S.K.: 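Take a look at this one; I'll ask things after.
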Amino acid sequence: MVRFPALAIGRWDESLMNLPWLLCFIALGGAFYGQLRTAGVNVLDLTTQLKANRAGAHGAVFCKQDTHWSSNGCVTAAARIAAYVKARPW
């Protein structure tokens, strides 16, 4: 059981059990994106847009109880994906 994150927020929360896995997933994802870019693959990373809107006027971009996008997160991602696709020379 991971208890150190609980000290940071001052209480125990069951969602903290997944924190080590989430951090590993983020690190692996970043490494994977780097390998794709090195291989010449165009990668659309939504991290910047999601971080910029995480406390936006329309609410959080992630649901409080898990890592799924909220409605605001879906709109944020869809807007960036649409802009990316429209900018492609297809």
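Since we're looking at a predicted model, the values are computed, not measured.
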S.K.: Test side-chain contact (heavy atoms from CB on, under 4.5 Å) on Y84 and N42; report intermediate values, then the result.
M.R.: CA-CA 11 Å; Y84 181 81; N42 288 331; 3.1 Å; yes

S.K.: Indicate every side-chain donor-acceptor pair of residues 43-52 with a distance under 3.5 Å to a residue at least two apart or in another chain.
M.R.:
unit_1, atom_1, unit_2, atom_2, d
D45, OD1, T47, N, 3.0
D45, OD1, T47, OG1, 2.6

S.K.: Does N72 reach the main-chain N or O of G59 with its side chain, forming a donor-acceptor pair under 3.5 Å?
M.R.: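 Yes.
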
S.K.: Quick check: does any side chain N or O of S70 sit under 3.5 Å from a backbone N or O of A60, one acting as donor and the other as acceptor?
M.R.: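 Yes.
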
S.K.: Can you hop from I81 to F62 via hydrophobic side chains spaced under 4.5 Å?
M.R.: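 Looking at the clustering, F62 is in the same group as I81.
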
